[in-house]
Every structure is written in structure tokens, then in C-alpha cells.
K.L.:
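Got a structure here, written out as C-alpha cells. Questions coming.
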Amino acid sequence: MLLLHGKQGTLAFVCGLIIVSVFLSNVFRYLGGRLLARVRARVVRNVRGALFGRITELELGYFSNERKGDLISHLTNDVQEVEISVVNTLTAVFKEPLNIVGIFVLLFSMSARLTLFSLVLLPVSGALLPAYRSACAATPPSARPPWAPCSR
């Protein structure tokens, strides 16, 4: 590209690419936030509705034995914890697979042979290391060579 358009053309292209990527990043962050806000509101509404239904089924004696402030505090905190866990789970479910796919696309674009080699080597080494570890643990420390300490 440098030879085709010169230094200024290449600089303009890189600057434009940065501006477009920042703009798209902010647009998708905004849209993701809007979607999560809807999901969060729906989850809170459903949990509160279920809690209200359960509380209205309780006997009146339950409310005379419990302090009202404690009950409301526990319910509020529980609803908030459920909301946070659901939103974090949904964020991870949608975000992590996209990250993994993006990383693999980047790795394959850099070097397909090295990526395939790594994908084959990692499970093999993951299977061999525990076997080495157990064999190493079975060997007494006095019988080990000095270059293989096998320390835990």
C-alpha cells in the first residue's frame, strides 16, 4: 500500500481505519448495553413477580415473626444477585465464543501451519504432562537426576 499510495495515502488509510474501528466499537458497545438493559429489566421483573407471588402465599404469622426491614433487605439483595449473575452469564455466553473465533481467525491469518501445530501439540502435551508428573512423583528424590527436580 505504501508503494501504491505513498506515505500520505497510507497514513490517511490507517487514520481512517482507526476512526472507523473506534466508531464501530462504540456503536456495538452502545447496542450491547441497550440489549443488556432490556434483559436486566425483564429478569428483575420476572424475579420480583415470582417473589411477590411467593410472599402473598405466606401466612400472616410469618410477617409478625420477622422484622420487615430485614425481610425487604434480604429480598432486595437476592434479586440484585440474581440480576448480576444472569447478566454476567449472558455476557460471557455471547462474548467469549466471539473472542475465541476472532483469535482463531487472527492466528490462522498469521500462520495456519503454526496454529494447527499448536492445536495438535496442546492436547498431546496436556495428556503427557500428568503421566510425567505421576512417574516423577513415584521416583524417590535420591534417584532423580539433578536436572529433573520434579518439585511440588
Side-chain angles (χ1 to χ4, degrees), residues 1-56 69-152:
M1 176 140 191
L2 184 62
L3 296 175
L4 210 59
H5 299 289
K7 290 181 180 179
Q8 286 186 339
T10 305
L11 180 63
F13 175 76
V14 170
C15 289
L17 189 66
I18 290 172
I19 289 171
V20 168
S21 67
V22 167
F23 176 74
L24 288 176
S25 171
N26 288 331
V27 164
F28 286 119
R29 186 177 295 130
Y30 171 75
L31 292 175
R34 296 261 322 216
L35 179 67
L36 279 178
R38 282 186 188 165
V39 169
R40 178 178 284 145
R42 190 174 304 139
V43 165
V44 169
R45 184 183 65 220
N46 291 342
V47 170
R48 285 180 181 170
L51 277 175
F52 179 76
R54 178 70 178 120
I55 288 174
T56 55
D70 288 344
L71 184 63
I72 291 172
S73 174
H74 286 296
L75 292 177
T76 303
N77 290 336
D78 290 346
V79 168
Q80 187 176 21
E81 287 298 320
V82 168
E83 171 192 356
I84 290 170
S85 66
V86 167
V87 168
N88 288 343
T89 302
L90 286 176
T91 302
V93 163
F94 288 110
K95 185 179 180 183
E96 297 308 320
L98 292 176
N99 282 342
I100 291 171
V101 168
I103 288 170
F104 275 115
V105 166
L106 180 67
L107 287 174
F108 274 110
S109 69
M110 292 169 81
S111 173
R113 286 181 60 198
L114 181 60
T115 303
L116 289 174
F117 177 75
S118 299
L119 287 175
V120 169
L121 183 67
L122 283 175
V124 170
S125 64
L128 292 178
L129 282 176
Y132 172 74
R133 186 71 169 178
S134 63
C136 190
T139 307
S142 59
R144 292 184 198 144
W147 46 267
C150 295
S151 62
R152 288 193 182 245

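Model, not experiment: these values are computed from the prediction.
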K.L.:
Hey, can you pull the donor-acceptor pairs under 3.5 Å for the side chains in residues 93-105, sequence neighbours left out?
P.N.:
none

K.L.:
If you measure from CG on Leu107 to OG on Ser111, what distance do you get to the nearest 0.5 Å?
P.N.:
9.0 Å
K.L.:
With the side chain counted from C-beta on, respond yes when Ile55 and Leu75 share a heavy-atom pair under 4.5 Å apart, and no when they do not.
P.N.:
yes
K.L.:
Rounded to the nearest 0.5 Å, how far does OG1 of Thr91 lie from CG of Leu36?
P.N.:
4.5 Å
K.L.:
Are Glu83 and Val47 side-chain neighbours, meaning at least one heavy-atom pair lies under 4.5 Å?
P.N.:
no
K.L.:
Checking Ser125 side chain against Leu121 main chain: does a donor-acceptor pair fall under 3.5 Å?
P.N.:
yes
K.L.:
Going by heavy atoms in the side chains, are Leu129 and Arg133 under 4.5 Å from each other?
P.N.:
no
K.L.:
Closest approach of Val120 and Val124, non-hydrogen atoms and distance?
P.N.:
O-CG2, 3.3 Å
K.L.:
What distance separates Thr89 OG1 from Ile84 CD1, expressed to the nearest 0.5 Å?
P.N.:
11.5 Å
K.L.:
What distance do Gln80 atom CD and Ser85 atom OG have between them, rounded to the nearest 0.5 Å?
P.N.:
11.0 Å
K.L.:
Could you pull out the closest heavy-atom pair between Pro123 and Ser118, with the gap in Å?
P.N.:
CD-O, 4.5 Å
K.L.:
Could you give me the CA-CA distance, side-chain angles and deciding distance for Leu31 and Leu35, then say whether side chain to side chain contact (heavy atoms under 4.5 Å, CB included) is met?
P.N.:
CA-CA 6 Å; Leu31 292 175; Leu35 179 67; over 6 Å; no
K.L.:
Check Pro130 against Gly126 and note the closest heavy-atom contact, atom names and distance.
P.N.:
CD-O, 2.9 Å
K.L.:
Which heavy atom of Phe108 sits nearest to which heavy atom of Leu119, and what is that distance?
P.N.:
CZ-CD1, 4.3 Å
K.L.:
Taking the side chain as C-beta and beyond, is there a heavy-atom pair between Val86 and Val82 under 4.5 Å?
P.N.:
yes
K.L.:
Take Val87 and Val43, measure what side chain to side chain contact (heavy atoms under 4.5 Å, CB included) needs, and give me the verdict at the end.
P.N.:
CA-CA 9 Å; Val87 168; Val43 165; over 6 Å; no
K.L.:
Short question: side chain of Ser25, backbone of Ser21 - any donor-acceptor pair under 3.5 Å?
P.N.:
no
